[in-house]
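These numbers come from a predicted model, not from an experiment. Sequence positions, counted from 1, serve as the residue numbers for this chain.
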Amino acid sequence: MFPAIPYLRQSGRQDQALTRAREAVDIFTALNAADPAAYGPKLGGGEETRRRYPG
């Protein structure tokens, strides 16, 4: 999902970029519950991306 988010934003499709960022955070939140060591860092990155693209 990450490569799509900056592309969407740069294409002027901020709403779609924000939707993808939210989806990524939701997915990594669920994965983090099962394996925090593997998915915690990715969850943090997804949350940071979501903050960069406020909607």
- Message: Tell me the closest heavy-atom pair linking Ile5 and Ala17, and the distance in Å.
- Response: O-CB, 3.6 Å
- Message: Looking at every heavy atom in both Arg9 and Gln14, which two are closest together, and how far apart are they?
- Response: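 Looks like O-NE2, 3.7 Å.
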- Note on the structure: So CZ of Arg22 and CZ of Arg20: to nearest 0.5 Å the spacing works out to 12.0 Å
- Task: Enter the distance from Glu23:CD to Thr19:OG1 here, rounded to the nearest 0.5 Å.
- Result: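 Atom-to-atom, Glu23:CD and Thr19:OG1 are 6.5 Å apart.
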- Message: Applying side-chain contact (heavy atoms from CB on, under 4.5 Å), can you list everything that pairs with Thr29, at least two apart in sequence or on another chain?
- Response: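 Thr29 satisfies side-chain contact (heavy atoms from CB on, under 4.5 Å) with Val25, Leu43 only.
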